[in-house]
Amino acid sequence: MNRAATTPSPTFSPLYRQIKDLMVRSLELGEWGPGDAIPSESELAARFSVSQGTVRKAIDEMAAENLLVRRQGKGTFVSTHNDPRSLFRFLRLQPNEGEIDQSISEPVECWRAKAGQDVSRVLGLAVGTPITILRRLLSFDGEPALVDEIYLPSDLFPDLSLDVLQHNDMSLYRLYENRYGVRMIRAEERIRAIAADKVNGELLKVPEGSPLLLVERVAFTYGNKPVEWRRGFYATNRYHYFNELS
């Protein structure tokens, strides 16, 4: 038997990718926290015994993935949801006419449960693992536009409650980052059309059976670990889902 024909070849990883992986590991371990400045390119080059060009290429890729942000004349910093520019990074809802003037996020419910089959599959948890479920209503210019139903592993958000949510003036991702040390770095979404059920119809002030857009999002932290499953129910009478591709 020809073993060479059945043994997969080792995957080659460019040097800058290896440096990037080491830097991401430092982020994951908390060596550099959200908003912190990272060492200079020359310091990192000395640390990893590589050229500054290799470090620069690693940083460029991390900046393109929103892990780092460059600030001219100041250095390179770990991206943070405290940056106002991140506010609409994960929000794709846009009005059919004009721009959004004022948004209000209102927590509606927050309760503990045990993960069923669907949550376990999406978040990579064992069936029966404690989870926290919250529901919130997002309104624009006083009009209900979006109901979020969010599933989280309770061990990462131990004291999350309706009271915590009601006394918080930050976005949810800022709350995750600042209170629990969990930073969302990327998300995957799936979109489909559904009919409003009784609960979402009442919250969005539309008749039961009205068309809604369901946006299911899985958000990941460092290490490609899924930590949030969000089911967003979008009213489509005055708003639409917008995504710019480049």
Side-chain angles (χ1 to χ4, degrees), residues 8 11 13 17 20-34 62 65-67 78-81 86 89-92 105 107-138 146-168 170-192 194 197-200 203 212-234:
T11 302
S13 178
R17 283 276 174 83
K20 174 191 169 187
D21 289 344
L22 292 172
M23 292 176 66
V24 170
R25 183 63 175 162
S26 291
L27 295 177
E28 190 176 355
L29 293 174
E31 179 181 349
W32 310 315
M62 293 175 72
E65 295 174 1
N66 294 299
L67 295 174
V78 181
S79 295
T80 172
H81 290 291
S86 73
R89 180 181 163 206
F90 293 99
L91 180 63
R92 303 298 184 182
S105 176
V108 178
E109 295 179 277
C110 184
W111 70 97
R112 298 296 177 95
K114 293 184 178 181
Q117 293 287 350
D118 288 343
V119 178
S120 299
R121 171 180 50 80
V122 174
L123 295 182
L125 304 172
V127 172
T129 298
I131 59 171
T132 300
I133 307 172
L134 62 99
R135 184 175 285 124
R136 69 163 186 169
L137 176 65
L138 197 63
L146 165 64
V147 175
D148 271 331
E149 189 176 273
I150 300 171
Y151 302 81
L152 303 162
S154 293
D155 64 331
L156 295 180
F157 306 90
D159 70 340
L160 186 61
S161 64
L162 188 60
D163 183 66
V164 168
L165 294 167
Q166 288 174 336
H167 290 86
N168 164 61
M170 298 182 285
S171 71
L172 278 178
Y173 284 178
R174 284 184 65 192
L175 178 68
Y176 297 165
E177 180 178 289
N178 287 280
R179 189 179 180 100
Y180 302 104
V182 178
R183 183 169 187 277
M184 303 304 188
I185 60 174
R186 73 176 189 90
E188 296 175 354
E189 292 188 337
R190 292 174 174 82
I191 305 172
R192 59 190 172 96
I194 62 167
D197 61 15
K198 188 174 187 297
V199 172
N200 290 317
L203 288 170
L212 299 178
L213 197 63
L214 172 59
V215 179
E216 294 190 84
R217 175 194 301 169
V218 182
F220 298 80
T221 189
Y222 299 118
N224 210 34
K225 179 181 178 181
V227 291
E228 181 200 62
W229 181 28
R230 181 179 302 216
R231 304 177 77 233
F233 300 88
Y234 290 64

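Basis for what follows: all heavy atoms, side chains included, without hydrogens, waters or symmetry-related copies.
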Check: Which heavy-atom pair separates Pro34 from Arg183 by the least distance, and what is that distance?
Finding: CG-CD, 4.2 Å

Note to self: Taking side chain to side chain donor-acceptor pair (under 3.5 Å) as the criterion, tell me which of Arg135, Arg217, Arg230 meets it with Asp148.
What the structure shows: Arg230

Check: Considering residues at least two apart in sequence or located in another chain, which fulfil the ring-ring contact (aromatic ring centres under 6.0 Å, His included) criterion with Phe157?
Finding: Tyr176, Tyr180

Checklist line | Chi angles and distances behind the salt bridge (charged side-chain N to carboxylate O under 4.0 Å, His left out) call for Glu177, Arg174 | finding: CA-CA 5 Å; Glu177 180 178 289; Arg174 284 184 65 192; over 6 Å; no

Margin query: To the nearest 0.5 Å, what is the distance between OG1 on Thr80 and CG on Asn66?
Written below: 12.0 Å

Notebook entry, point to check: Is there a donor in the side chain of Arg186 and an acceptor in the side chain of Asn224, or the other way round, less than 3.5 Å apart?
Noted result: yes

Check: When rounded to the nearest 0.5 angstrom, what distance separates CD1 in Ile150 from CG in Leu172?
Finding: 5.0 Å

Item checked: Asp155 side, atom CG; Thr129 side, atom OG1 - distance, nearest 0.5 Å -> 8.0 Å

Checklist line | Flag side-chain contact, heavy atom, 4.5 Å: Arg25 against Asp21 | finding: no

Margin query: Could you measure the distance from the CD atom of Glu216 to the CZ atom of Phe233? Nearest 0.5 Å is fine.
Written below: 7.5 Å

Check: With side chains defined as the heavy atoms from C-beta onward, is the minimum distance between Glu65 and Ile185 less than 4.5 Å?
Finding: no

Checklist line | Heavy-atom pair of closest approach, residues Tyr234 and Val215 | finding: CE1-CG2, 3.3 Å

Next item on the list: For residues Trp32 and Ser26, report the shortest heavy-atom separation together with the two atoms involved.
Entry: CZ3-CB, 3.7 Å

Check: Which residues satisfy the side-chain contact (heavy atoms from CB on, under 4.5 Å) test with Thr132, sequence neighbours excluded?
Finding: Cys110, Arg112, Ser154, Leu160

Note to self: I'd like to know whether Met23 forms a side-chain contact (heavy atoms from CB on, under 4.5 Å) with Leu27, so could you lay out the CA-CA distance, the side-chain angles of the two residues, the decisive distance to 0.1 Å, and finally the verdict.
What the structure shows: CA-CA 6 Å; Met23 292 176 66; Leu27 295 177; 5.9 Å; no

Check: Got Asn168 and Arg179 here, is their nearest side-chain heavy-atom distance under 4.5 Å?
Finding: no

Margin query: Can you give me the closest heavy-atom contact between Ala126 and Ala115, atom names plus distance?
Written below: O-CB, 4.1 Å

Checklist line | Non-hydrogen atoms of Pro107 and Gln166 that approach each other most closely | finding: CG-CG, 3.7 Å

Notebook entry, point to check: Knowing that exactly one of Ile133, Leu134, Ile131 qualifies, which makes a side chain to side chain contact (heavy atoms under 4.5 Å, CB included) with Leu152?
Noted result: Leu134

Margin query: Working to the nearest 0.5 angstrom, can you tell me the gap between Asp197 CG and Leu212 CG?
Written below: 8.0 Å

Check: Shortest non-hydrogen contact from Phe220 to Ala187?
Finding: CD1-CA, 4.4 Å

Checklist line | side-chain contact (heavy atoms from CB on, under 4.5 Å) evaluation trace for Asp118 with Trp229 | finding: CA-CA 10 Å; Asp118 288 343; Trp229 181 28; 4.1 Å; yes

Notebook entry, point to check: CD of Glu188: more than 12 outside heavy atoms within 6.0 angstrom?
Noted result: yes

Item checked: From CG (Leu162) to CZ (Arg136), nearest 0.5 Å -> 13.5 Å

Check: Who passes side-chain contact (heavy atoms from CB on, under 4.5 Å) against Lys225, sequence neighbours left out?
Finding: Leu156, Thr221, Val227

